[in-house]
Amino acid sequence: SAVATASQLLGTRSIALAGELSGPVNWLAWSTFADPDVMAAFEKATGIKVNLISFGENAEAFAKLQQAGAKAGELYDVVQSDAYWPRIYYEKGLIEPLDLSSFSSAASLFPQFREFEPWKTEQGLLAYPNTFTPFGVLYSKERYTISPDSWEAIFDPAVSGRIAWFDAGDYMLPAAALSLGIKEPSTMSDADLQRVVDKLKKAKQHVKVMAATGAEMITAFTTGEVDVAMSPTWAFVYRAWHKSGIELGFIVPKEGTVGTIDGDSLVKGAAHAEAAKLWINFQHKPENMLKLALRTGYAGADKSAVELLKKNGKDGEKIAEINKVDTIDEWLPKMALLRPPADPSIWVEAWNEVKGA
């Protein structure tokens with residue numbers, strides 16, 4: 001029955017009435033995280049369909065919910081975001097906290113994520129933690145002969161024409177700010193932002209590839225087009241190795257870094273809230289997180305999934321190694337969460353100025 005299925009999928013605080021299990025679940029998410037097999041398995045188990053509504057950047061998904069206003073819950077049930085965005089959604093009254101004790105899958109989360117301070121409220125976490133990654137420098141171990149240790153590697157005239165950047169202001173502006181010793185990019189002064197823009201404009205002449213997607217970035221390395229790049233994730237090391245067998249390196253620069261932890265949040269007033277909670281729980285089951293890891297190179301925040309990963313041959317071992325899962329307590333406290341500025345349009349305008357140079 002639907003009630004029995006709910007008990008199995010959600011855990012102790014299961015749905016009381018089968019009638020509450022109405023769908024579909026309208027999931028506003030990055031397509032990277034949408035596995036058709038997992039979505040189909042959920043529908044088979046519950047009779048509830050998951051509708052993927054994909055987006056590119058956090059600001060785009062946020063704008064969708066803001067524009068929907070009081071009707072957001074009619075259009076969307078679950079929204080994905082990362083870093084400080086769950087806090088921004090919450091402050092704008094767009095999402096509801098999740099009591100993780102009511103999710104059976106949450107029992108195997110790494111403790112660092114189950115008690116994740118930036119997303120904590122008295123009612124629960126603002127998002128169910130999914131995957132994590134710091135920003136850093138990606139380089140070819142074969143062609144870039146000196147291991148970089150600084151953000152300066154992606155601005156270096158000595159490797160002009162062999163550098164890749166991401167076509168994303170919320171990646172490149174923080175990287176340049178950190179290289180200039182600006183520790184909190186989201187609150188930098190107008191003068192510091194101008195320094196960042198000037199640095200990027202000057203260095204842009206040395207950039208060979210301005211990647212719009214991770215796939216473009218990886219292709220630039222596998223074809224031998226570039227040797228060093230700004231990378232918003234260490235997962236690209238695995239993806240390049242898995243795709244072409246090439247060995248890339250990834251370093252967290254000495255000037256420090258920012259990073260992201262992404263997760264799923266329940267939209268406030270969601271029309272299909274109970275089904276949405278079932279879906280959040282189901283997709284975060286260890287066996288489904290394992291599938292995500294093997295597809296994307298993100299190890300994820302679930303300890304049981306990581307243990308499955310380590311037993312999954314060379315691919316699993318490689319992902320676990322790249323994601324530094326055995327030393328989370330050492331590096332996670334050092335990774336500042338990426339924050340957008342109070343007015344995100346400031347970064348949009350700054351990045352457009354860089355691109356137009």
Side-chain angles (χ1 to χ4, degrees), residues 30 32 56-59 81-85 118 129-140 144 147-156 163-188 192-193 196 199-200 203 207 209-218 220-221 226-240 248-263 296-301 322-325 327-328 330-341 344 347 350-351 354:
W30 287 290
T32 305
E57 293 189 17
N58 281 295
S81 65
D82 63 24
Y84 260 86
W85 282 94
N130 194 335
T131 65
F132 52 85
T133 187
F135 287 9
V137 175
L138 193 67
Y139 63 98
S140 165
Y144 195 95
S147 178
D149 66 354
S150 166
W151 282 116
E152 289 304 324
I154 62 169
F155 307 113
D156 188 359
I163 298 170
W165 287 359
F166 253 93
D167 185 3
D170 54 354
Y171 294 168
M172 296 306 307
L173 292 164
L178 289 162
S179 77
L180 289 167
I182 300 164
K183 296 298 183 188
E184 183 41 81
S186 68
T187 55
M188 62 181 144
D192 278 343
L193 179 59
V196 166
K199 177 165 188 163
L200 288 164
V207 177
V209 171
M210 192 77 82
T213 65
E216 281 183 40
M217 179 69 77
I218 291 164
F221 276 99
V226 302
D227 296 341
V228 65
M230 182 278 157
S231 177
T233 175
W234 47 27
F236 291 162
V237 175
Y238 169 74
R239 293 185 208 173
L248 301 182
F250 178 96
I251 61 105
V252 172
K254 63 186 179 185
E255 299 93 343
T257 193
V258 292
T260 60
I261 295 169
D262 56 71
T296 65
Y298 296 126
I322 290 164
N323 285 264
K324 302 187 187 301
V325 294
T327 55
I328 284 176
E330 290 177 24
W331 62 261
L332 187 61
K334 298 174 186 174
M335 185 185 84
L337 274 194
L338 175 66
R339 294 192 197 207
W347 279 10
W351 183 240
V354 172

With the side chain counted from C-beta on, respond yes when L248 and W234 share a heavy-atom pair under 4.5 Å apart, and no when they do not.
no
Option among V207, L200, I163 that satisfies the side-chain contact (heavy atoms from CB on, under 4.5 Å) test with F155
L200
For a quick test of reading the model, state the closest non-hydrogen atom pair linking G256 to L178 and the distance between them.
O-CD1, 3.8 Å
Once you round to the nearest 0.5 Å, how far does OH of Y84 lie from CG of L337?
5.5 Å
Looking at N323 and G297, would you say the former's side chain and the latter's main chain have a donor-acceptor pair under 3.5 Å?
yes
Is W165 reaching over with its side chain to a backbone N or O of A229, donor-acceptor style, under 3.5 angstrom?
no
Counting only heavy atoms not in E57, do more than 12 sit closer than 6.0 Å to its CD atom?
no
Rounded distance [0.5 Å steps], CG in L338 versus CG in D82
7.0 Å
Heavy-atom nearest pair, I251 first then S150, reads CD1-N, 4.1 Å
Does the side chain to side chain contact (heavy atoms under 4.5 Å, CB included) test come out yes or no for T296 and T131, once each step is laid out?
CA-CA 10 Å; T296 65; T131 65; 5.7 Å; no
For S231 and L138, the nearest pair of non-hydrogen atoms, with its separation, is CB-CB, 3.8 Å
Within this structure, what is the CD1-OH distance for the pair I218 and Y238, rounded to the nearest 0.5 Å?
11.0 Å
In this structure, is the centre-to-centre distance between the rings of W151 and F135 below 6.0 Å?
no
Residue pair D227 / S140, side-chain donor-acceptor N/O under 3.5 Å
no
Distance from T187 atom OG1 to L193 atom CG, nearest 0.5 Å?
11.5 Å
Can you tell me how far CE of M188 sits from CH2 of W347, rounded to the nearest 0.5 angstrom?
5.5 Å
Side chain to side chain contact (heavy atoms under 4.5 Å, CB included) between D192 and L180: does it pass, once the steps are laid out?
CA-CA 9 Å; D192 278 343; L180 289 167; over 6 Å; no
Residue pairs meeting salt bridge (charged side-chain N to carboxylate O under 4.0 Å, His left out), one or both in residues 167-182, sequence neighbours left out, come to D167-K355
Carboxylate-amine/guanidinium contact K254 E152, below 4.0 Å:
no
Between F250 and F236 (judged by ring centroids, cut-off 6.0 Å), do the two rings come close enough to count as a pair?
no
Between V252 and P134, which heavy-atom pair has the shortest distance, and what is it?
CG2-CG, 4.2 Å
Residue pair T257 / G136: nearest heavy atoms and the distance that separates them:
OG1-N, 4.5 Å
How far apart are the closest heavy atoms of G259 and A83, and which atoms are they?
O-CB, 4.2 Å
Interatomic distance, F132 atom CZ to Y298 atom OH [nearest 0.5 angstrom]:
11.5 Å
Is there a side-chain contact between P253 and V137 (heavy atoms, below 4.5 Å)?
yes
Stepwise side chain to side chain contact (heavy atoms under 4.5 Å, CB included) test for E330 and K324:
CA-CA 10 Å; E330 290 177 24; K324 302 187 187 301; over 6 Å; no
